[in-house]
Structure formats: structure tokens, C-alpha cells
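Order of listing sets the numbers, starting from 1, for every ligand and every atom in it. Scope of the values below: all heavy atoms of this structure, side chains included, with no hydrogens, waters or symmetry mates.
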Amino acid sequence: MSVVPSAGNGKITVLSILERKSGISSNTSSPAKITCLTAYDYPTARLLDEAGVDVLLVGDSVGMAVLGFDSTLPVTMEDMLHHTRAVRRGTRHALLVADMPYGSYHEDPAQAVRNGLRFVKEAGAEAIKVEGGERRLEMIARLVDAEIPVMGHIGLTPQSVNAFGGFRVQGKTAEAGEKILRDARAVEAAGAFSIVLESIPRELAARITAELRIPTIGIGAGPDCDGQILVIHDLLGMSFGHQPKFARHYAEVGEIISRAAAEYCRDVQQGSFPSDAESYHARTEKVGAPVEQHK
Ligand code: KIV
């Protein structure tokens with residue numbers, strides 16, 4: 001499957017995402033908001049891609065949404081490459097971004113480049129996402145230098161859960177807000193093409209969005225960002241445990257799956273599944289006849 005952009009094939013690229021920054025598009029003063037969702041497997045990627053989602057993120061949230069961990073910290077490079085390859089096979093139109101997992105870029109910029117290249121060469125990612133602001137400036141610049149487009153991620157960075165003492169809204173005080181603003185400026189200065197703002201006050205997200213030249217993608221950051229992202233399992237009502245207030249359910253797929261599985265169990269136990277029409281039939285009645293004993 002070719003996913004290389006060519007003129008007019010409708011492929012979303014890093015450049016077309018940059019052009020969607022509020023107020024800088026050549027065509028319109030308010031370009032359409034950027035739509036992003038997470039995806040971790042082939043069928044979900046196909047459905048989201050065909051529905052017209054702009055960006056598919058293979059998030060390290062796969063650890064919590066799919067693999068059953070209580071944080072993203074245990075997710076490995078091999079986990080992320082495996083899921084990114086599956087999403088690649090289902091994605092034609094959307095921009096495919098892969099999350100760098102905890103420990104894959106924390107040693108030094110050389111390690112980050114080595115692992116970033118693996119996402120591009122071995123899994124077909126078109127960009128990668130890293131968490132952190134000012135202290136990642138050199139690393140992001142090195143990734144960009146290696147032709148790997150980078151999406152930043154600041155505010156509530158889930159890989160900092162131990163340092164933050166839990167999954168808490170960030171940037172609520174003036175001082176904390178200023179720190180996040182400096183982080184946003186650093187990510188932009190380092191050359192990132194977009195930045196995720198997670199769980200910060202709406203007012204702060206609006207200020208960052210107004211100041212930066214790259215698009216902001218909000219999650220729990222209010223409606224003023226240039227785009228929005230949600231974890232697909234939250235949107236579909238397939239998550240367990242605490243749900244943040246921004247995780248709007250657009251469907252209750254979890255209930256549909258539970259109901260379907262319960263009905264299947266009932267039909268098997270009652271003998272109504274499979275029916276005769278759902279069974280294969282032999283061409284000759286002899287197939288069902290008792291086998292003759294050889295004497
Ligand atoms: O891992 C993830 O899914 C994310 C998004 C929620 C931004 O980082």
C-alpha cells in the first residue's frame with residue numbers, strides 16, 4: 001500500500017497539518033479544526049481513516065487502553081512497533097504518528113534518534129510524539145535534523161506520573177502556567193510541527209494557541225486549541241476505571257460487546273446456534289452414514 005503523498009491524492013501530511021494553524025492558512029481565515037484519535041490495530045485504523053480522521057496516533061496509551069496496565073510506563077519499543085505496523089496497514093489518508101514509549105528517548109538524543117528512526121523504517125510512521133518541554137529541546141531538534149517530524153506533548157505528560165504524584169491537571173497556578181508556556185515555546189523553537197496540550201486550564205491552552213505558530217492539539221485543554229485528540233476506547237465507551245470529564249462517549253460499544261457475547265453464550269447453550277442454514281452440507285448422504293466396519 002503506497003502512502004507516499006502526491007499532489008491531489010488527499011493524503012494528510014505534516015505540511016497540511018501545519019497549514020491548519022488558525023489564522024495562517026492561505027485559503028481561509030479559520031481552517032477546519034484538526035481531528036486526531038488514537039488507534040492501535042488494523043480494523044480500528046481502517047474505520048477511523050475511512051471516516052476522515054486527520055491524524056491517527058498510536059499512543060503509548062495502548063498500555064492502559066488495550067494491554068491492561070495501570071500506567072503507560074511498562075510499554076516497550078517492541079509493543080509500539082507491533083501496534084504501529086498494524087495501524088500502518090489500515091491507514092491511507094490520515095497522518096500516522098507513533099508515540100515514543102517511556103525509556104526510549106530518556107537516555108540521550110542519540111538514543112532518541114535511533115528509536116525514532118525505527119518507527120519510520122520498520123513501522124511506517126510519518127512522525128513521532130515525545131513528552132516534555134524545555135528539557136527536550138535539544139533532543140527534538142536532533143530528531144527533526146534526522147528528518148523525523150516531531151509532535152510535542154506538554155501539560156499532563158502521563159510518562160511523568162511518578163514525578164507528578166498521579167494523573168493531575170497541570171498549570172493551574174500562574175507560576176505553573178508560565179512554566180508550561182515556556183515548555184510550549186521550547187517545543188516550537190526545537191522544530192516540532194504540532195504540540196499536544198493535555199489536561200491544562202482552557203485559558204492557558206487558549207493563550208498558548210494564540211502565541212504559537214504550530215497547531216495545538218488539545219485533550220482536556222478546552223475548545224480553543226487548533227485540534228482535538230481523544231483515546232478511541234474512551235470515545236467508544238470501551239474503557240474501564242476513572243473517566244476524565246473531557247472523555248465524551250460517542251457510543252457505548254462496551255455495552256454492545258457485552259450484550260452480543262451474552263446472547264451468543266445463550267444461543268450455544270440452547271442449541272440455537274449454529275442453525276442448519278449456518279451449517280455446511282455434504283454432497284452425498286453417504287457422508288453422514290455410519291462407517292461400515294471392515295471384517
Ligand atoms: O498516548 C496517548 O494516547 C496520548 C494522547 C492521549 C495524546 O498521548
Side-chain angles (χ1 to χ4, degrees), residues 17 33-41 44-45 48 53-77 79-84 86-87 91 94-106 115 119 123 125 127-133 136 140 150-161 164 167-170 180 183-184 187 192-200 205 208-209 214-222 225-236 238-250:
I17 291 298
K33 296 258 185 181
I34 301 161
T35 55
C36 315
L37 285 171
T38 66
Y40 316 107
D41 58 48
T44 310
L48 302 185
V53 177
D54 294 316
V55 179
L56 294 187
L57 170 70
V58 187
D60 62 351
S61 51
V62 68
M64 300 173 80
V66 173
L67 303 178
F69 294 123
D70 60 3
S71 80
T72 59
L73 302 183
V75 176
T76 65
M77 270 302 291
D79 292 332
M80 292 303 302
L81 288 167
H82 172 77
H83 287 278
T84 304
V87 171
T91 308
L95 182 75
L96 175 51
V97 182
D99 228 350
M100 298 276 280
Y102 181 60
S104 69
Y105 59 97
H106 296 74
N115 283 321
F119 277 112
I128 52 106
K129 178 168 82 56
V130 291
E131 297 185 4
R136 304 274 184 250
I140 294 175
V150 175
M151 176 181 274
H153 183 165
I154 61 170
L156 197 186
T157 44
Q159 293 173 8
S160 320
V161 61
F164 288 161
F167 296 107
R168 299 167 195 279
V169 178
Q170 301 293 307
I180 291 176
D183 282 338
V187 168
F193 74 95
S194 62
I195 184 166
V196 171
L197 307 178
E198 179 162 351
S199 295
I200 61 172
I208 294 171
T209 301
I214 57 173
T216 58
I217 315 287
I219 173 162
C225 300
D226 300 302
Q228 296 290 330
I229 183 162
L230 280 178
V231 169
I232 187 65
H233 288 66
D234 292 344
L235 176 148
L236 293 176
M238 287 179 66
S239 305
F240 301 93
H242 171 72
Q243 290 285 284
K245 71 173 170 186
F246 58 79
R248 186 188 294 181
H249 288 197
Y250 284 83

Nitrogen or oxygen contacts under 3.5 Å, ligand 1 side and protein side:
{"residue": "ligand 1", "atom": "1 (O)", "partner": "Asp60", "partner atom": "N", "Å": "3.2"}
{"residue": "ligand 1", "atom": "1 (O)", "partner": "Asp60", "partner atom": "OD1", "Å": "3.0"}
{"residue": "ligand 1", "atom": "1 (O)", "partner": "Ser61", "partner atom": "N", "Å": "3.1"}
{"residue": "ligand 1", "atom": "1 (O)", "partner": "Ser61", "partner atom": "OG", "Å": "3.2"}
{"residue": "ligand 1", "atom": "1 (O)", "partner": "Asp99", "partner atom": "OD2", "Å": "3.1"}
{"residue": "ligand 1", "atom": "3 (O)", "partner": "Ser61", "partner atom": "OG", "Å": "2.5"}
{"residue": "ligand 1", "atom": "8 (O)", "partner": "Lys129", "partner atom": "NZ", "Å": "2.9"}

- Tell me, with the steps shown, if Leu236 and Tyr250 meet side-chain contact (heavy atoms from CB on, under 4.5 Å). CA-CA 6 Å; Leu236 293 176; Tyr250 284 83; over 6 Å; no

- Query: Which residues satisfy the side-chain hydrogen bond (donor to acceptor under 3.5 Å, both in side chains) test with Glu198, sequence neighbours excluded?
  - Reply: His153

- OH of Tyr102: more than 12 outside heavy atoms within 6.0 angstrom? no

- Message: Rounded to the nearest 0.5 Å, what separates atom CD1 in Ile154 from atom CG in Leu197?
- Response: 5.5 Å

- Message: Set out, in order, the CA-CA distance, both residues' side-chain angles and the distance that settles side-chain contact (heavy atoms from CB on, under 4.5 Å) for Leu230 and Leu37, then state yes or no.
- Response: CA-CA 5 Å; Leu230 280 178; Leu37 285 171; 3.9 Å; yes

- Can you label the angle between the His233 ring and the Tyr40 ring as parallel, tilted or perpendicular, going by 30° and 60°? tilted

